[in-house]
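In what follows, a single structure is set out as structure tokens and then discussed.
When reading the values below, keep in mind they use all heavy atoms of this one structure, side chains included, and skip hydrogens, waters and symmetry mates. From a predicted model like this one, the values you see are computed outputs, not experimental measurements. We count residues from 1, following the sequence as given.
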Amino acid sequence: MKDIITGAEALMRSLKAEGVTTIFGYPGGAIMPVFDALYDYTQGEEKTFEHILVRHEQSAAHAAEGYARVSGKVGVCLVTSGPGATNTLTGVADAMMDSTPIVVIAGQVGVAALGSDAFQEVDLVGVAQPISKWSYQIRRAEDVAWAVSRAFFIARSGRPGPVVLDFAKNAQTQTTEWQPQKVDFIRSYVPYPKIDENCVQQAAELINKAKRPLALVGQGVELGNAQAELVAFLEKADIPAGRTMLGLSALPSNHPLNVGMLGMHGNYAPNVKEQECDVLIAIGMRFSDRVTGRTDTYARQAKVIHLDIDRAEINKNVKCHVPVIGDCKVTLPAITQLLRPADHQEWRKSFVPLAEKEWRRVVEPAIHPKDGPLLMGEVVNLVAESTKGEAILVTDVGQNQLFSCRYFKYLQQRSIVTSGGLGTMGFGMPAAIGATFGAPQRTVCVFMGDGGFQMSIQEMGTIMETHAPVKMIILNNNYLGNVRQWQDMFFNRRQSFTRMMNPDYGKVAAAYDIPYQVAIIRDDLQEAIDNMLATPGPFLLECAILEDDNVLPITPPGMSVDEMMLDITV
């Protein structure tokens, strides 16, 4: 007997076939048949899915991102048409910039009403196409299984990214014969390029001849699950490695070859040494402008080897001498087996004076201040020490992001969730919620500024309802701190609309029945952190921060990476 089901039911079965267990969503008119079908899959002993009701659709996308980043799975969010769908687009763009695999499923008006400016109609496929890996409109119930399987295959394969499915309402209610689909091949789509053995050989030869090699480690190592392969490569060739912001947990913080974070607010030594190395090996990173500074002066002395799965990244920002295109889980071992064991002790030692200089002038004053108000660096450092490098760091965007990325510790893979390419304020709290569902066995700490926190403050409701154990730390300086710092440095201290009047966060937390504590003086900070970590479930810790606390070092825009400033006079 044929199994005749609705398109909405076909979606449920297709999601189950893809191994989905968690959905972040918000219901509405054009997606209501799907939510009706979802009801039966979230009840009783046969419960298949856990649906997390967020308080804003943008948060559904960010929560799906957080889930994906820590779990290595595809994040899923489910929303309605029109504003429900467009609200997710910031999260879609964010996921595209940071290569995060999510599938956004949005309702749409029926096919007969398309193009008529019907209530809550928007051309979602047209709007999403430039900022997604694939966008597609499902117009018939019989296409649901194929479209979902294709969406997940595209989202998770090769260089991961977001996929948007626009689900017409008539396709949700129409019936079709259930036919499971499994898409694992798409003509003209080659997610895992064939390795060019000549390029592998050339890369190995350059590394074997190098006197001053430097590796730049990006998120591609995490996305390819190639952490062990990276360590084997670095250790055999004795290569010091700097990490991009998104690649921070690809190499443990305490590994002897780890020389720090790259970029505008990264560590002094790796940024200076990029301009001195003779071979630069970029692994799963895209040479962002925040890493390179001025590209016309960037690493001109070095032979550049670029390992990336995406051919489009080769020579896009920085010209390379040897491209090694492919999955770094494959390309790294291929190169490693051709390497001769090396000893670059003298080269590695040359990083030490620069690191010590940064420690004296920047790090020690930031994490061990003797007096005055609390500083962001010391708060992050104490949380990192208290969690012993085992926690997941989630950040919002701004000074809180830069300080926490610099001073947190990473001993496990997939331990950082931050908005790198798009820099989305309001990302932190919903991404942290998603992370608690993606890695329920781990502690999730999210650092937010008072600005970013208020951009997604409504998600306190999601935390209240789900009791998601998010440890929230507000670094409250009463400013949009990063913009204020730039105004002080580059706009003659003209602080145009960056000071903020903030609510009583204790009352906000109480309204959502979330434990809260405030740390104002240094003597109370450690106790407050201990209390936060010892409290089951969610917790909100507010820290009163020095208002003009600045992120250092900094490479000013338009400057070369070796022109980092260790202090500023404003």
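The neighbour count for Lys211 NZ, taken as heavy atoms of other residues, nucleotides or ligands under 6.0 Å away, does not exceed 12. For Arg311, the CZ atom sits in a loose shell: 12 or fewer heavy atoms of surrounding residues, nucleotides or ligands are nearer than 6.0 Å. Counting heavy atoms of neighbouring residues, nucleotides and ligands inside a 6.0 Å radius, atom NZ of Lys236 exceeds 12 of them. Annotation for Phe491: atom CZ does not count as buried by contact number, only 12 or fewer foreign heavy atoms lying within 6.0 Å. The environment of CD in Glu364 is crowded: more than 12 heavy-atom neighbours from other residues, nucleotides or ligands sit within 6.0 Å. Residue Lys329 places its NZ atom among more than 12 non-hydrogen atoms of other residues, nucleotides or ligands, all under 6.0 Å distant.
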*Trace of the side-chain contact (heavy atoms from CB on, under 4.5 Å) decision for Leu223 with Thr100*: CA-CA 9 Å; Leu223 296 175; Thr100 304; over 6 Å; no
*I would like to know whether Val483 and Phe497 meet side-chain contact (heavy atoms from CB on, under 4.5 Å); could you show each step before the answer?*
CA-CA 10 Å; Val483 184; Phe497 301 102; over 6 Å; no
*Candidate pair Trp347 and Lys273, rule side-chain contact (heavy atoms from CB on, under 4.5 Å), full reasoning*: CA-CA 10 Å; Trp347 166 239; Lys273 291 299 180 177; 3.8 Å; yes
_Derivation and outcome, salt bridge (charged side-chain N to carboxylate O under 4.0 Å, His left out), residues Glu563 and Arg294_ = CA-CA 10 Å; Glu563 296 179 293; Arg294 283 181 58 179; 5.4 Å; no
*Please walk me through it: do Leu332 and Leu230 pass side-chain contact (heavy atoms from CB on, under 4.5 Å)?*
CA-CA 7 Å; Leu332 276 172; Leu230 171 70; 4.2 Å; yes
*Can you check side chain to side chain donor-acceptor pair (under 3.5 Å) on Arg286 and Thr244, steps first, answer last?*
CA-CA 10 Å; Arg286 58 187 180 84; Thr244 67; over 6 Å; no
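Put simply, the side chain of Tyr192 gets close to the backbone of Gly158: a donor and an acceptor are under 3.5 Å apart. Remark: side-chain polar atoms of Asp278 are paired, donor with acceptor, to backbone N or O of Arg212 under 3.5 angstrom. The backbone N or O of Ala204 sits less than 3.5 Å from a side-chain atom of Asn208, completing a donor-acceptor pair. Judged purely by atom type and a 3.5 angstrom limit, His368 has no side-chain atom pairing as donor or acceptor with the backbone of Glu378. Side-chain atoms of Asn482 never come within 3.5 Å of backbone atoms of Gly398 as a donor-acceptor pair (strictly under, hydrogens ignored). The backbone N or O of Leu262 sits nowhere less than 3.5 Å from a side-chain atom of Asn271 that would complete a donor-acceptor pair. Listed for the Gln58 side chain is no donor-acceptor partner under 3.5 Å among the backbone atoms of Ser456. His265 contributes no side-chain N or O that, together with a main-chain N or O of Leu552, makes up a donor-acceptor pair within less than 3.5 Å.
For the residue pair Asp530 / Gln526, a side-chain donor-acceptor distance below 3.5 Å is found, with atom types taken as modelled. Side chains of Thr292 and Glu274: no donor on one and acceptor on the other come within 3.5 Å. Judged by distance alone, the side chains of Gln202 and His321 never bring a donor and an acceptor atom under 3.5 Å apart. Of the N and O atoms on the side chains of Tyr505 and Gln454, at least one donor lies less than 3.5 Å from an acceptor on the other residue. Checked by atom type, the side-chain pair Ser560/Gln275 shows no donor-acceptor distance below 3.5 Å.
Pro557 places a side-chain heavy atom less than 4.5 Å from the side chain of Trp486. The side-chain heavy atoms of Met565 and Pro556, taken from C-beta on, include a pair separated by under 4.5 Å. Looking at Asp98 and Leu422, their side chains never come closer than 4.5 Å, going by heavy atoms from C-beta outward. Proximity of Glu390 to Leu411: side-chain heavy atoms (C-beta onward) are separated by under 4.5 Å at one or more points. No side-chain heavy atom of Lys409 sits less than 4.5 Å from a side-chain heavy atom of Asn254. Between Arg484 and Arg499, the closest side-chain pair of non-hydrogen atoms is not below 4.5 Å. In this structure, Leu533 and Thr443 have side chains that are in contact, with non-hydrogen atoms separated by less than 4.5 Å. Looking only at side-chain heavy atoms (C-beta outward), Val379 and Phe403 stay at 4.5 Å or farther from each other.
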Side-chain polar contacts of residues 470-480 - donor-acceptor pairs under 3.5 angstrom, sequence neighbours left out - could you list them?
residue : atom : partner : partner atom : Å
Lys471  : NZ   : Met532  : O            : 3.3
Lys471  : NZ   : Thr535  : O            : 2.5
Lys471  : NZ   : Gly537  : O            : 2.6
Asn476  : OD1  : Asn478  : N            : 3.1
Asn476  : OD1  : Asn502  : ND2          : 3.3
Asn476  : ND2  : Glu542  : OE2          : 2.9
Asn477  : OD1  : Tyr479  : N            : 3.1
Asn477  : ND2  : Gln399  : OE1          : 3.3
Asn478  : OD1  : Asn502  : ND2          : 3.2
Asn478  : ND2  : Glu547  : OE2          : 3.4
Tyr479  : OH   : Gln495  : OE1          : 2.9

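Listed by first and then second residue, the ring pair (Phe, Tyr, Trp, His ring centres under 6.0 Å) pairs that reach into residues 411-451 are His62-Phe427, sequence neighbours excluded.
Atom OG of Ser99 sits about 8.5 Å away from atom CG of Leu246, to the nearest 0.5 Å. The CG atom of Leu338 sits 9.0 Å away from atom CD of Glu205, with the distance rounded to the nearest 0.5 Å. With rounding to the nearest 0.5 Å, the separation of CD in Glu65 from SG in Cys77 is 9.0 Å. Here Leu248 contributes atom CG and Arg406 contributes atom CZ; the two are 11.0 Å apart, rounded to the nearest 0.5 Å. For the atom pair Cys543 SG and Leu382 CG, the distance stands at 9.5 Å (nearest 0.5 Å). Rounding to the nearest 0.5 Å gives a distance of 10.5 Å between CG of Asp308 and CG of Asp327.
A salt bridge links Glu313 and Arg159; the closest N-O separation between the charged side-chain nitrogens and carboxylate oxygens is under 4.0 Å.
Among Glu222, Gln219, Gln227, the one residue that satisfies the side chain to side chain donor-acceptor pair (under 3.5 Å) test with Ser249 is Glu222.
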